[in-house]
Amino acid sequence: MYNHLKPILESELAKIYESGLHKEERVLNSRQGRIVKVGNGQFLNFCANNYLGLSGSQRMSIVAKKAIDRYGFGLSSVRFICGTQGIHKKLETSTADFVGKEDAILYSSCMSANIGFFASFMGEEDIIFSDALNHASIIDGIRMCKAERFVYKHMDMECLEGGLKQFSGKRIKCIVTDGVFSMDGDVASLKQICDLADKYGALVVVDDSHATGFMGKNGRGTHEHCGVLKRVDVIASTYGKALGGASGGFIAGPKELISLLRERSRTYLFSNSLPPVVAATSLFAIDYIKKHPKLREKLWANTLYFRKKMTEAGFTVPKSEHPIVPVIIHDAQKTQNMAKQMLKRGIYVVGFSYPVVPQNEARIRVQISSEHRKEDIDKLVNAFVELS
Ligand SMILES: *Cc1c(COP(=O)(O)O)cnc(C)c1O
């Protein structure tokens with residue numbers, strides 16, 4: 001049988017390698033952090049989602065070790081058979097409270113949360129309005145569900161309103177958007193979305209994976225940042241980025257909706273419990289973030305400093321506030337060369353070009369962390385200036 005499949009796979013792989021889209025995996029010889037070791041080299045790291053510097057921290061290791069001793073390694077069960085410990089319930093309560101919702105439910109990832117979400121309560125008589133640049137997990141979640149879909153142009157509120165008008169007769173109307181979009185670091189217009197949702201009676205769902213823990217005054221997320229903490233109905237997010245970066249995801253929202261997900265959501269029901277060590281250490285991360293606003297302050301100070309320095313140096317940096325900062329170089333070849341040269345100087349950044357981003361908008365995406373020092377950012381800015 002495989003003799004038949006092999007040439008098909010080989011030809012698919014050849015296409016990927018030829019197109020230059022092959023994703024090379026660099027092997028880290030160190031923990032995640034401000035500096036990572038790859039091969040024999042050391043690199044200043046500007047491409048992790050480790051916004052608050054918790055992921056590879058000693059602090060998290062210590063908590064995790066204690067958690068393993070107390071709760072054991074694994075549960076070998078789904079939640080509703082014998083896979084729920086007190087730590088899972090605590091994490092759900094603490095998460096819901098942190099993002100300002102009534103209740104929350106854990107998943108093994110945010111990808112898994114999104115895939116198991118829509119189909120649990122929506123069907124043929126319903127409709128989902130989805131931003132054109134939403135994360136792949138939202139797109140796949142919508143695919144799992146029989147509801148009609150309307151994809152609105154990225155952040156285009158007129159286009160969204162047109163759709164809401166056109167489908168006003170549907171039973172459940174649900175607007176779903178990333179809180180922050182990962183390629184540009186642009187922030188969804190949640191206030192306008194909530195206004196439209198009120199006007200047309202729609203539910204608002206925000207995937208806040210690139211925001212939970214640091215956006216908004218208390219780090220609750222994009223909805224706090226936009227002043228609509230209570231008006232956004234549902235938050236989906238990950239523990240795999242700012243909240244320690246191990247794994248796990250959640251959906252937080254009204255208690256009836258969360259209760260229904262516990263009954264119906266297939267990626268919750270038919271998938272193993274979050275490892276207790278991940279639950280306990282993520283719980284610690286939320287608590288730590290609440291008590292240490294300095295982490296967020298440092299992140300924002302670093303982000304502001306980098307954006308200011310780059311703008312002063314004459315680079316095109318799209319206006320936003322987020323620690324994801326795309327530096328638009330335009331030319332794809334130049335972008336790739338620049339990323340390579342950066343590596344030679346011990347700076348780890350990633351270049352993106354068409355078709356991942358639009359034609360002629362090739363860019364180097366920089367991600368700032370609270371762990372970075374002023375001199376790290378100076379080094380990065382200098383490298384951009386010298387290499388351009
Ligand atoms: C990273 C990300 C996810 C996936 O989160 P995992 O927990 O790693 O599955 C989902 N949605 C968005 C918007 C993301 O940025």
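Each ligand, and each atom within it, is numbered from 1 in the order the structure gives. Keep in mind the model is a prediction, meaning the values are calculated, not measured.
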For the pair [X] and [Y], name the ring-plane relationship: parallel under 30°, tilted 30 to 60°, perpendicular over 60°.
{"X": "F121", "Y": "F117", "result": "perpendicular"}
{"X": "H210", "Y": "Y51", "result": "perpendicular"}
{"X": "H154", "Y": "F181", "result": "perpendicular"}

(Q) Quick test of your reading of the model: are D126 and R171 salt-bridged, counting only N-O distances below 4.0 Å? (A) yes
Q.
Tell me whether S137 reaches ligand 1 (any heavy atom closer than 4.0 angstrom to a ligand atom).
A.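 Distance cut 4.0 Å: S137 passes for ligand 1.
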Output the list of atoms in ligand 1 that are nearer than 4.0 Å to some heavy atom of [X], sorted by atom number.
{"X": "T238", "result": "5 (O), 6 (P), 7 (O)"}
{"X": "D178", "result": "13 (C)"}
{"X": "H210", "result": "15 (O)"}
{"X": "D207", "result": "10 (C), 11 (N), 12 (C), 13 (C)"}

Q | atom 5 (O) of ligand 1: the protein heavy-atom neighbour that sits closest, reported with distance to 0.1 Å | A |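 The closest one turns out to be C110 CB, 3.3 Å.
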Q) Hey, is S109 touching ligand 1 through its side chain, its backbone, both or neither, going by heavy atoms under 4.0 Å? A)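 Under 4.0 Å from ligand 1, S109 contributes backbone and side-chain atoms.
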(Q) Applying the side-chain contact (heavy atoms from CB on, under 4.5 Å) criterion to T177, which one of I138, L160, V206, V204 satisfies it? (A)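 Output: one option passes, namely V206.
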Q. Taking atom types as modelled and ignoring hydrogens, do the side chains of S369 and N50 form a donor-acceptor contact shorter than 3.5 angstrom?
A. no
Q) Evaluating non-hydrogen atoms only, which member of K241, H135, M111 is closest to atom 9 (O) of ligand 1? A)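 Result: the heavy atom closest to atom 9 (O) of ligand 1 is in M111.
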